Enquirer: 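Submitted below is the structure of interest, expressed as structure tokens.
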Amino acid sequence: AIRYKYYCGRSVILAAASCVVFKLFPFVAPLVSSIEETPDPIPTSIKGTIPAWINGSFLRNGPGKFEFGKDRYTHWFDGMAMMHRFHISEGNVTYSSRFLRSDSYVQNSEKNRIVVSEFGTLAMPDPCKNIFARFFSRFQMPKATDNASVNFVKYKGDYYVSTETNYMRRVDPQSLETKEKVDWSQYIAVNSATAHPHYDREGATYNMATPTAKEVTNCFFYNIIRVPAPAEEEAATEDSADLNGAKVICSIRAAEPRKPSYYHSFVMSENYIVFIEQPIKLDLLKFMLYRIQGKSFHKVMTWEPQYETVFHLVNRHTGKESKVKYQAAPMFTLHQINAYEDNGCLVMDMCCGDDGEVIGDFTLENLRRDSGKEMDKFYNSLCRNLPRRYVLPLNVDEKTPLDQNLVTLHYCKATAKQTKPGQVYMTHEELHDDELLQYGGLEFPQINYDKYNGRPYRYFYSCGFGHVFSDSLLKMDVHTKELKVWRYPGLFPSEPVFVASPNAVEEDDGVVLSVIITPREEKSTFLLVLDAKTFTELGRAEVPVNIPYGTHGVFNVMG
């Protein structure tokens with residue numbers, strides 16, 4: 001079952017999908033090691049050609065510091081947020097980075113220990129307090145962190161860095177200066193929002209949010225919120241955060257009132273929003289007690305596949321939720337690819353897995369394992385996320401027949417059947433063939449968002465996960481399921497971001513940007529520029545400093 005395939009002149013051993021993979025993975029601890037910031041822009045060394053038409057900043061976010069004094073973080077998500085900026089102009093590239101000056105970062109730095117709890121690390125009581133103060137401090141709920149290390153997001157024209165708490169931080173996208181802390185609950189009755197909002201073509205921003213504690217009584221609701229576009233209100237007269245006008249457009253009742261689902265993102269087409277209630281559950285009682293029990297937040301999340309996946313369909317213009325209950329087999333998803341409407345159906349493409357335990361596995365202990373069998377064992381324990389397509393029939397009513405496939409799109413193999421009045425059960429289509437299995441599945445999908453989000457599309461770009469961290473870049477044609485691949489042994493790409501070329505006509509006219517981490521070599525990370533159409537390298541900008549593995553980013557076009 002073992003066979004060889006050639007990548008860029010080098011042979012790589014691949015195993016068939018039915019076999020256990022033993023690759024003797026290289027040591028990747030440098031990808032999750034602390035580094036120093038580079039606040040002043042430094043030049044990079046250009047190899048090949050960076051197209052002169054690219055004019056703007058590639059902004060990246062992610063963890064960059066994993067200890068304070070003798071205290072060490074437990075989980076990769078816990079590291080202090082570091083912002084990165086690759087400024088591209090006239091074929092040249094400069095690099096700079098800064099730690100987000102969050103309250104968490106500042107307080108930890110002042111105390112030289114971890115004093116603010118994070119996703120996987122519980123801050124311990126101050127050892128300088130007396131024994132009674134330390135004891136009673138365990139009965140206090142820890143303050144939410146403002147360590148916004150997940151993504152760059154945009155509201156009313158301003159950039160923020162975001163995580164999954166009620167706090168964001170406004171930032172300057174050019175200097176990477178940290179500005180004010182923004183508390184969602186000061187503008188709207190929600191307690192947090194995702195780091196993956198969607199934007200409509202008028203400039204409004206949509207997101208999913210949890211209710212405030214005051215709003216949670218006997219039931220839990222998931223809120224869809226809308227922040228208006230800048231033009232819908234008077235322009236701001238001062239340099240400050242502005243989320244005025246934000247409102248809840250729909251509240252969705254949780255299927256299990258005391259066990260709401262974890263969510264990282266959601267689906268939006270031109271006319272609909274779909275919230276995916278998946279069987280990763282948060283135990284609210286455990287959540288209230290986790291401080292007393294000495295457990296970190298990720299310990300209250302459980303994968304419970306006895307629950308099916310529920311798709312909540314909401315008209316984003318009216319805020320009205322469909323009375324039809326759409327269901328599918330239990331699955332796990334972090335990131336959606338795209339969604340669009342066609343001939344009475346809503347087509348949704350997303351990265352899915354069958355084991356939601358994966359979130360808690362990315363501890364620093366696991367990620368810093370020695371190369372060889374220990375790392376192999378960890379990799380083989382992880383779920384492989386693969387692209388899937390689900391199709392929701394939009395016109396289900398009392399006349400709709402039972403037990404008949406309602407998906408009428410000739411190009412879709414996904415099915416949807418009304419099993420009883422008002423209840424539709426869906427089966428997915430695999431959006432790939434066996435070739436993708438050679439690359440270990442995929443994640444971090446990106447599309448030509450400005451032109452094709454919410455509309456029929458053909459291509460998406462992603463990271464292939466033939467290692468614990470991504471070790472390839474992939475371009476997928478969803479019409480033919482054909483792959484194009486960029487891959488070199490020992491190189492670890494970040495999430496690819498598409499930038500359209502001026503006067504682009506075709507969907508893939510442009511470039512794909514990705515930061516490539518090189519753990520085997522010191523100070524040799526580079527910004528890669530690929531031709532999006534051919535997926536071949538145009539050029540790279542080598543950075544003379546170390547950069548850790550990051551999460552998400554955006555391209556900020558400059559005038």
Side-chain angles (χ1 to χ4, degrees), residues 141 144 153 155 162-168 182-198 204-228 243 245-269 271-290 297 300-304 307-328 330 332-334 336 339 346 348 356 392 422-424:
M141 287 298 291
V153 298
Y155 293 99
S162 179
T163 181
E164 295 184 333
T165 70
N166 57 308
Y167 295 122
M168 297 187 298
V182 178
D183 184 348
W184 273 107
S185 65
Q186 299 301 307
Y187 292 89
I188 189 172
V190 298
N191 197 40
S192 66
T194 81
H196 290 288
H198 276 293
T205 306
Y206 296 80
N207 212 335
M208 294 292 306
T210 58
T212 62
K214 293 180 181 179
E215 302 293 321
V216 179
T217 53
N218 294 323
C219 189
F220 188 97
F221 288 87
Y222 312 99
N223 292 324
I224 299 174
I225 62 175
R226 180 183 184 272
V227 179
L243 297 181
K247 64 179 182 179
V248 174
I249 64 172
C250 182
S251 293
I252 300 167
R253 182 183 293 269
E256 295 293 327
R258 301 299 176 90
K259 280 191 173 183
S261 293
Y262 170 76
Y263 56 92
H264 187 72
S265 57
F266 62 101
V267 174
M268 190 172 89
S269 67
N271 295 297
Y272 296 94
I273 286 174
V274 180
F275 168 62
I276 303 164
E277 192 172 14
Q278 58 189 345
I280 301 180
K281 298 296 185 177
L282 304 177
D283 190 310
L284 293 183
L285 178 60
K286 288 183 179 179
F287 178 75
M288 299 300 291
L289 297 175
Y290 85 114
F297 179 70
V300 305
M301 298 170 59
T302 56
W303 169 243
E304 301 192 28
Y307 296 107
E308 291 184 318
T309 304
V310 180
F311 297 77
H312 298 272
L313 177 69
V314 176
N315 184 309
R316 75 174 179 90
H317 304 295
T318 66
K320 185 178 180 180
E321 181 181 2
S322 172
K323 294 181 180 180
V324 178
K325 187 176 183 180
Y326 298 92
Q327 294 175 292
F332 157 71
T333 182
L334 282 176
Q336 282 70 59
L346 177 59
M348 303 184 306
L392 276 67
Q423 186 166 307
V424 174

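Because only heavy atoms are used, hydrogens play no part in the values below, and waters and symmetry mates are left out as well, while side chains stay in. A quick note: this is a predicted structure, and the numbers were derived from the prediction, not measured.
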Enquirer: Short question: side chain of Gln336, backbone of Phe266 - any donor-acceptor pair under 3.5 Å?
Expert: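 Yes.
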Enquirer: Heavy atoms only: give me the nearest His312-Arg253 pair and the separation to one decimal.
Expert: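 So the two residues come closest at CE1-O, 4.1 Å.
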Enquirer: Yes or no on side-chain contact (heavy atoms from CB on, under 4.5 Å) for Met348 and Thr333, after CA distance, side-chain angles and deciding distance?
Expert: CA-CA 12 Å; Met348 303 184 306; Thr333 182; over 6 Å; no
Enquirer: For Phe311, check ring-ring contact (aromatic ring centres under 6.0 Å, His included) against everything at least two apart and list the hits.
Expert: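 Partners of Phe311 under the ring-ring contact (aromatic ring centres under 6.0 Å, His included) test: Tyr390.
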Enquirer: Minimum heavy-atom separation for Val324 and Val424, please, with both atom names.
Expert: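 Smallest heavy-atom distance, with atoms named: CG1-CG2, 3.8 Å.
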Enquirer: For His264, give me all partners under ring-ring contact (aromatic ring centres under 6.0 Å, His included), at least two apart in sequence or on another chain.
Expert: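 Partners of His264 by the ring-ring contact (aromatic ring centres under 6.0 Å, His included) criterion, ordered by chain and then number, come out as His196, His335.
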Enquirer: Can you sort out the partners of Lys325 under side-chain hydrogen bond (donor to acceptor under 3.5 Å, both in side chains), two or more places apart, ordered by chain and number?
Expert: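 Lys325 satisfies side-chain hydrogen bond (donor to acceptor under 3.5 Å, both in side chains) with no other residue.
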Enquirer: Between Pro279 and Pro330, which heavy-atom pair has the shortest distance, and what is it?
Expert: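 For Pro279 and Pro330, the tightest heavy-atom pair comes out as CG-CB, 3.8 Å.
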Enquirer: Between Ser265 and Leu334 (side chain of the first, backbone of the second, donor and acceptor by atom type, cut-off under 3.5 Å), is there such a pair?
Expert: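 Yes: the side chain of Ser265 pairs with the backbone of Leu334.
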Enquirer: Any sub-3.5 Å donor-acceptor pair from Asn223's side-chain atoms to Ile225's backbone N or O?
Expert: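 It does not hold such a pair.
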Enquirer: So how far is it from Tyr167 OH to Gln186 CD, rounded to the nearest 0.5 Å?
Expert: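 Spacing of OH (Tyr167) from CD (Gln186) equals 8.0 Å.
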Enquirer: Measuring from atom CG of Asp183 to atom CD1 of Ile188, what distance do you get when rounded to the nearest 0.5 angstrom?
Expert: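 Rounded to the nearest 0.5 Å, the CG-CD1 separation comes out at 12.0 Å.
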Enquirer: Measure the spacing between OH of Tyr262 and CZ of Phe332 and express it to the nearest 0.5 Å.
Expert: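 The distance works out to 8.0 Å.
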Enquirer: Where does the angle between the aromatic ring planes of Tyr263 and Phe275 fall among parallel (under 30°), tilted (30 to 60°) and perpendicular (over 60°)?
Expert: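 Tyr263 and Phe275: perpendicular rings.
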Enquirer: Testing the basics here: between Thr165 and Trp184, what is the closest heavy-atom pair and its distance to 0.1 Å?
Expert: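 Nearest pair, atom of Thr165 first, then Trp184: O-CD1, 4.4 Å.
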Enquirer: Quick check: does any side chain N or O of Asn207 sit under 3.5 Å from a backbone N or O of Thr194, one acting as donor and the other as acceptor?
Expert: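 Checking the backbone N and O of Thr194 against the side chain of Asn207, a donor-acceptor pair under 3.5 Å is found.
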Enquirer: Does Thr309 have any side-chain hydrogen bond (donor to acceptor under 3.5 Å, both in side chains) partners at least two apart in sequence or in another chain, and if so, which?
Expert: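 Expected list: none.
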Enquirer: With side chains defined as the heavy atoms from C-beta onward, is the minimum distance between Lys259 and Leu282 less than 4.5 Å?
Expert: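 When only atoms from C-beta onward are counted, Leu282 and Lys259 do not touch, as no gap falls below 4.5 Å.
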Enquirer: Does Thr205 have any side-chain contact (heavy atoms from CB on, under 4.5 Å) partners at least two apart in sequence or in another chain, and if so, which?
Expert: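 Expected list: Tyr155, Pro197, Tyr199, Val227.
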Enquirer: Going by side-chain contact (heavy atoms from CB on, under 4.5 Å), Val267 matches just one of Leu392, Ile273, Ile276, Leu313. Which one?
Expert: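 Passing option: Ile276.
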Enquirer: Return yes if some donor-acceptor pair links the side-chain N/O of Ser261 with the main-chain N/O of Gln278 below 3.5 Å, else return no.
Expert: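 Yes, because the side chain of Ser261 sits within donor-acceptor range (under 3.5 Å) of the backbone of Gln278.
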Enquirer: What's the spacing between Ile249 CD1 and Arg316 CZ if we round to 0.5 Å?
Expert: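 Spacing of CD1 (Ile249) from CZ (Arg316) equals 8.5 Å.
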Enquirer: Locate the shortest heavy-atom distance separating Ser192 from Thr210; write the atom from each residue and the value.
Expert: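 Scanning both residues completely, I find the closest heavy atoms to be OG-OG1, 2.8 Å.
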Enquirer: Examine distances only and state if a side-chain atom of Glu304 and a backbone atom of Lys281 form a donor-acceptor pair shorter than 3.5 Å.
Expert: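 No; judged by distance alone, with no hydrogens or angles, the pair does not exist.
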Enquirer: OH of Tyr272 to CD of Glu321: how many Å apart, nearest 0.5 Å?
Expert: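 The distance works out to 13.0 Å.
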Enquirer: Rounded at 0.5 Å granularity, tell me how far SG in Cys250 sits from CZ in Arg226.
Expert: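 Cys250 atom SG to Arg226 atom CZ measures 14.5 Å (nearest 0.5 Å).
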Enquirer: So, for Pro211 and Phe220, which heavy atoms are closest and what is the spacing to 0.1 Å?
Expert: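 That would be CD-CZ, 3.9 Å.
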Enquirer: Output all residues satisfying side-chain hydrogen bond (donor to acceptor under 3.5 Å, both in side chains) with Asn315, sequence neighbours left out; order by chain, then residue number.
Expert: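 So Asn315 forms no side-chain hydrogen bond (donor to acceptor under 3.5 Å, both in side chains) with any residue.
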